[in-house]
Engineer: 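Attaching a single structure in structure tokens format; questions to follow.
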Amino acid sequence: MRTHQCGELRVDQIGQTVTLAGWVATRREHGSSLAFVDVRDHTGVTQCVVDNTVDVRAEYVVRVTGTVAARPAENVNDKLPTGGVEIQDCVVEVLNVAEAPPFPISERTDTVAEGTRLQYRFLDIRRERMQRNLRVRAAVNSAIRTAMEDQGFVEVETPMLVPSTPEGAREFIVPSRQQPGSFYALPQSPQLFKQLLMVAGIDRYYQLARCLRDEDLRADRQYEFMQLDAEMSFVDQDDVHTAIGNAVIAAARAAGHETGEIVKITWHEAMDKYGIDKPDLRFGMELTELTDVFSATEFKAFAGASCIKGINATGKAEEFGRNKLDGLTDTAKRLGAKGLVWMKVAADGTLESPVAKFLTESELAALAERLAASPGDLLLIVADEWITTCEALGQLRNDLGRPPVFEGPYRYLWVVDFPMFVGVDDVTGRPKPGHHPFTQPHPDDVDRLETDPMSVRSQAYDLVLNGWELGSGSIRIHQPELQARIFELLGISAEEQQRKFGFFLNPFRYGAPPHGGFAFGIDRLVAILAGEENIREVIAFPKTQSGADPMTNAPTPVADKQLNELGIRVLPRVD
RNA sequence: GGUCCCGUGGUGAAGUGGAGUUCACGCCGGCCUGUCAAGCCGGAGGUCGCGGGUUCGAACCCCGUCGGGACCGCCA
């Protein structure tokens, strides 16, 4: 059908007779006997010189046979890889005509409403950006598979129709025809199956798994998403980190990015230095300890505070007028801080702030020194509980300093030693698990499970890339006695354990090996590696924020016959 | 469940109470032998998302609703 692709021809092929096939990108007419037609496929465009009587229009599907010729020196187009050549003496065959597309198939109009792009996704994907993103995605998937298999992981597929479990994300449910009134759930993740595969002696499992969660959609969340899901037997945390690290480094390389060594920090350090459990390491502006500077202060907003920290937004003083400063204060308050102190560093080095008059000369001097203040800098200070201070400044740090996603470098980060429990359940008063209830506590902290549960660290860990949480994992509990202690702590009775997790826990009585695993989101990883802010840009057929597909019109009502067969009656909407 | 932003020819934008809704691209027709976002001339194309209200008068103001987006809640 064709001898070359449209982005392939160079001066090396001059004189050859070639056949190209593709879509008409543009047509430029020059009188009755000359026109230039650019033919496009996913590799690029090639200029074909044709007789102007040939009736081809934008997006017609054509096959062109002709001779590769050098362009006259003054007509070489340096902007195109194929710009040194053109096809002459063309025979143009129209393989299919096309209506005028609703929007240009071009990169220079990247402003088309996303709803329109999704309605005509088959045209949107013809564009270079989408072609590139989907091919990056394919390369990443391939690199991950290779990396996992090279490390002895076995791909095992798990069911899409699974039992509903009450914990975690809201599930999509699927009615059973054979047992009307009973339902399957679509898997939020293969979590339970992969641990049973360890009991089953698979040793190292992986899967590029489709996961489904019926939670509200966001720029980084779709109903359906892909995870690299993995589980390993007879390992500790470091073994898991090494295996997954190899996969994500290979994935980045497949997308053309070198990442270097993966840094590892504790959750406490992440919160203390960056104020967030998924820090973006591409920029500094770290949280600086100031509590000791104000240990004897008379300024009452600082006097009683257990933790005072600050950040230096270098050179931002001028940019932030009263309005924008109020916005920063609102951000801090939204995160629970009692307030925000700001100071601008004047040209002579003095600190200008509504509260400067409440601080002593030596306090101001120490503050300036600690934050390395220079003229033009904006200093932001929060005084509160440790966690509140950190979280407020962490958000401000991100808001003020975070580079756009397409700016490298690419810095993976393991965050380890997460707290075992986060907060207390409003109803039961019991601690709430930070990860899930099958997570192994840190061995040094097990003794404090009952006496001081909130101080117990878990063997759970997150993988972060440039401020995006890619995924999480843990070493699991494989000893029934320890599992029983955790359930006891969470206030889950033996009866409830059996009802909710019986099919999962009972197999552990038959010889469960020590094991742990990880899962990370492919969509997020590919988005970052492709330089996209939104995972919809790396998904061929994504859904809108309301969960609809403008191309297929899903979701739709179904026929009464179908509902009857399933024993389902649709009730009128109640608001 | 909530907060905020956006809906104007096919596409993207301008118009924020008063004359015929303006422009660019695209589309259709014509001209044009070296363009490459070709150029020139002409033409067609609109329920200003939808419904209600205020007003002498609404694309514009108000209420509701639908659709799209960002975020909070939610995502163990």
Side-chain angles (χ1 to χ4, degrees), chain A residues 25-40 45-52 57-59 69 71-80 82-86 88 98-120 123-124 165-171 188-189 191-192 211-223 225 330-331 334-335 395 399 418 420-423 425 431-439 458 460 469 471-472 474 486 490 492 500-501 521 524 533-534 536 543-548 550 553 575:
Chain A
T26 55
R27 171 195 181 97
R28 296 176 293 278
E29 298 186 322
H30 289 268
S32 57
S33 59
L34 175 66
F36 300 103
V37 171
D38 289 345
V39 181
R40 177 191 64 231
V45 297
T46 297
Q47 173 168 289
C48 301
V49 185
V50 304
D51 188 286
N52 205 357
R57 297 167 188 238
E59 303 311 316
R71 296 198 195 183
E74 66 274 20
N75 290 329
V76 167
N77 186 346
D78 294 326
K79 286 184 278 183
L80 292 177
T82 61
V85 298
E86 63 191 9
Q88 293 183 343
E99 290 181 20
F103 52 82
I105 312 302
S106 153
E107 300 313 302
R108 73 189 166 88
T109 44
D110 231 348
T111 49
V112 177
E114 203 187 345
T116 308
R117 292 175 54 203
L118 293 183
Q119 187 183 347
Y120 298 93
L123 296 179
D124 191 38
T165 50
E167 310 298 313
R170 187 183 297 119
E171 300 166 320
Q188 305 167 31
S189 78
Q191 183 65 37
L192 305 183
C211 304
L212 298 107
R213 295 178 188 174
D214 187 7
E215 299 289 354
D216 289 357
L217 282 58
R218 289 288 161 75
D220 61 352
R221 281 165 26 193
Q222 284 273 303
Y223 281 156
F225 59 99
D330 290 344
T331 299
R334 184 166 50 78
L335 288 160
Q395 184 65 50
D399 289 351
F418 271 75
M420 186 82 181
F421 304 103
V422 286
D425 190 286
K432 292 189 292 189
H435 189 55
H436 57 55
F438 317 116
T439 303
S458 71
E469 182 195 329
S472 58
S474 62
I486 300 294
L490 299 176
I492 299 175
K500 286 184 174 175
F501 308 113
R524 288 183 185 180
E533 304 273 2
N534 193 308
R536 293 189 298 272
K543 297 202 171 29
T544 64
Q545 204 162 67
S546 62
N553 286 325
D575 292 310

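The chains referred to below are lettered A, B, ... by the order of the sequence lines, with proteins before strands, and numbering in each begins at 1. These numbers come from a predicted model, not from an experiment.
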Engineer: Residues two or more places apart in sequence or in another chain: which of them pass side-chain hydrogen bond (donor to acceptor under 3.5 Å, both in side chains) with A:Thr544?
Structural biologist: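 Partners of A:Thr544 under the side-chain hydrogen bond (donor to acceptor under 3.5 Å, both in side chains) test: A:Ser546.
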Engineer: Now, which nucleotide makes the Watson-Crick or G-U wobble pair with B:rU35, with each of the two distances under 3.5 Å?
Structural biologist: none
Engineer: Give none if B:rG43 has no partner; otherwise give the nucleotide forming a Watson-Crick or G-U wobble pair with it, both distances under 3.5 Å.
Structural biologist: B:rC27
Engineer: When the C1' atoms of B:rG30 and B:rA44 are considered, how many whole Å apart are they?
Structural biologist: 15 Å
Engineer: What contact category does A:Pro101 fall into here, base, sugar-phosphate, or nothing, at under 4.0 angstrom with non-hydrogen atoms?
Structural biologist: nothing
Engineer: With rounding to the closest Å, how many angstrom separate the P atoms on B:rG15 and B:rC23?
Structural biologist: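 The answer is 15 Å between these two P atoms.
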Engineer: Any base atoms under 4.0 Å from A:Arg536, or only sugar-phosphate, or nothing? Heavy atoms, all strands.
Structural biologist: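 If one applies the 4.0 Å heavy-atom cut-off, A:Arg536 turns out to touch the sugar-phosphate alone, with no base involved.
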Engineer: Rounded to the nearest angstrom, tell me the gap between atom CZ in A:Arg218 and atom P in B:rC74.
Structural biologist: 10 Å
Engineer: Distance check needed: B:rC4 P versus A:Asp216 CG, whole Å only.
Structural biologist: 18 Å
Engineer: Tell me whether the side-chain N or O atoms of A:Arg221 pair up with the base of B:rC74 as donor and acceptor below 3.5 Å, since no angle test is needed here.
Structural biologist: yes
Engineer: Mind calculating the distance between CD (A:Glu171) and P (B:rC75) to the nearest angstrom?
Structural biologist: 13 Å
Engineer: Quick one: list whatever passes side-chain contact (heavy atoms from CB on, under 4.5 Å) with A:Ser458, sequence neighbours left out.
Structural biologist: A:Phe418, A:Met420, A:Thr439, A:Ala460
Engineer: Answer with base, sugar-phosphate or nothing: what part of the nucleic acid does A:Asn534 contact at a heavy-atom distance below 4.0 Å?
Structural biologist: sugar-phosphate
Engineer: Take A:Arg334 and A:Gln188, find for each the nucleotide of RNA chain B with the closest heavy atom, and name the residue whose nucleotide sits nearer the 5' end.
Structural biologist: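 That would be A:Arg334.
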Engineer: Partner lookup for B:rG67, please. Criteria are Watson-Crick or G-U wobble with both distances under 3.5 angstrom; report none if nothing qualifies.
Structural biologist: B:rC6
Engineer: Could you tell me how far B:rG45 sits from B:rC32 if I compare only their P atoms? Round to whole Å.
Structural biologist: 28 Å
Engineer: Using salt bridge (charged side-chain N to carboxylate O under 4.0 Å, His left out) as the criterion, list what pairs up with A:Arg221, not counting sequence neighbours.
Structural biologist: none
Engineer: Do A:Thr165 and A:Lys500 touch side chain to side chain, with heavy atoms closer than 4.5 Å?
Structural biologist: no
Engineer: Identify the two heavy atoms, one from A:Val39 and one from A:Cys48, that lie closest to each other, and give their separation to 0.1 Å.
Structural biologist: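 Scanning both residues completely, I find the closest heavy atoms to be CG2-SG, 3.7 Å.
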Engineer: Would you kindly compare A:Ala219 and A:Ala169 by the position of their nearest RNA chain B nucleotide and give the one closer to the 5′ end?
Structural biologist: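 The answer here is A:Ala219.
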Engineer: For A:Asp399 and B:rC72, give me the distance from atom CG to atom P, rounded to whole Å.
Structural biologist: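 The answer, rounded to whole Å, is 11 Å.
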Engineer: Provide the distance between the two C1' atoms, one in B:rC48 and one in B:rC31, to the nearest whole Å.
Structural biologist: 36 Å
Engineer: Might you point out which heavy atoms bring A:Arg40 and A:Glu59 nearest each other, and give the distance in Å?
Structural biologist: NH2-OE1, 2.6 Å
Engineer: Could you tell me whether the side chain of A:Tyr223 reaches within less than 4.5 Å of the side chain of A:Leu212, counting heavy atoms only?
Structural biologist: no
Engineer: What are the atom names and distances for every N/O pair under 3.5 Å that joins the protein to nucleotides 65-68 of chain B?
Structural biologist:
residue: B:rG68; atom: OP1; partner: A:Thr544; partner atom: OG1; Å: 2.9
residue: B:rG68; atom: OP1; partner: A:Ser546; partner atom: OG; Å: 3.2
residue: B:rG68; atom: OP2; partner: A:Ser546; partner atom: OG; Å: 2.9

Engineer: Expressed as a whole number of Å, how far does the P atom of B:rG68 sit from that of B:rC63?
Structural biologist: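 It works out to 22 Å between them.
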Engineer: Identify whether any heavy atom of A:Arg27 sits under 4.0 Å from a base atom; if not, whether one sits that close to sugar-phosphate; answer base, sugar-phosphate or nothing.
Structural biologist: nothing
Engineer: Provide, to the nearest angstrom, the distance between the CG atom belonging to A:Asp220 and the C1' atom belonging to B:rA70.
Structural biologist: 12 Å
Engineer: In B/S/- notation, 5' to 3', how is nucleotides 31-37 of chain B contacted by protein heavy atoms closer than 4.0 Å?
Structural biologist: BBBBBBB
Engineer: Under 4.0 Å between a side-chain nitrogen and a carboxylate oxygen: does that hold for A:Arg57 and A:Glu99?
Structural biologist: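 Here A:Arg57 does not pair with A:Glu99 in a salt bridge, since their nearest N and O are not under 4.0 Å apart.
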Engineer: Between B:rU11 and B:rG18, how far apart are the C1' atoms? Round to whole Å, please.
Structural biologist: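 That atom pair is separated by 30 Å.
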Engineer: Of all residues at least two apart in sequence or in a different chain, which pass the salt bridge (charged side-chain N to carboxylate O under 4.0 Å, His left out) check with A:Asp220?
Structural biologist: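 Applying salt bridge (charged side-chain N to carboxylate O under 4.0 Å, His left out) to A:Asp220 gives A:Arg524.
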Engineer: Distance check, C1' atoms only: B:rG2 and B:rG73, in whole angstrom units.
Structural biologist: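 Going atom to atom, C1' in each nucleotide, I get 8 Å.
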Engineer: For A:Lys432, check salt bridge (charged side-chain N to carboxylate O under 4.0 Å, His left out) against everything at least two apart and list the hits.
Structural biologist: none
Engineer: Send over the distance from A:Leu123 CG to B:rG26 C1', rounded to a whole Å.
Structural biologist: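 Distance, rounded to whole Å: 14 Å.
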Engineer: Quick one: A:Phe103 CZ to B:rG9 C1', roughly how many Å, whole number?
Structural biologist: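 So the two atoms are 18 Å apart, to the nearest Å.
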Engineer: Going by purine N1 to pyrimidine N3 plus the second Watson-Crick contact, or the G-U wobble pair, all under 3.5 Å, which nucleotide sits opposite B:rC75?
Structural biologist: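 By the stated definition (distances under 3.5 Å), nothing pairs with B:rC75.
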Engineer: Expressed in whole Å, how much space separates the P atoms belonging to B:rG10 and B:rG46?
Structural biologist: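 About 7 Å, rounded to a whole number of Å.
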Engineer: Could you pull out every donor-acceptor pair under 3.5 Å between side chains of residues 112-120 of chain A and any protein atom, sequence neighbours left out?
Structural biologist:
residue: A:Glu114; atom: OE1; partner: A:Arg536; partner atom: NE; Å: 3.3
residue: A:Glu114; atom: OE1; partner: A:Arg536; partner atom: NH2; Å: 2.9
residue: A:Glu114; atom: OE2; partner: A:Arg536; partner atom: NE; Å: 2.6
residue: A:Arg117; atom: NE; partner: A:Asp124; partner atom: OD1; Å: 3.0
residue: A:Arg117; atom: NE; partner: A:Asp124; partner atom: OD2; Å: 3.0
residue: A:Arg117; atom: NH1; partner: A:Glu537; partner atom: OE2; Å: 3.1
residue: A:Arg117; atom: NH2; partner: A:Asp124; partner atom: OD2; Å: 3.1
residue: A:Arg117; atom: NH2; partner: A:Glu537; partner atom: OE1; Å: 2.8

Engineer: Rounded to the nearest Å, what distance is computed from the CD atom of residue A:Glu59 to the P atom of nucleotide B:rC27?
Structural biologist: 10 Å
Engineer: Please identify each residue that fulfils salt bridge (charged side-chain N to carboxylate O under 4.0 Å, His left out) with A:Arg170, with sequence neighbours left out.
Structural biologist: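 Salt bridge (charged side-chain N to carboxylate O under 4.0 Å, His left out) list for A:Arg170, sorted by chain: A:Glu215.
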Engineer: For B:rC60, give its Watson-Crick or G-U wobble partner with both distances under 3.5 Å, or none.
Structural biologist: none
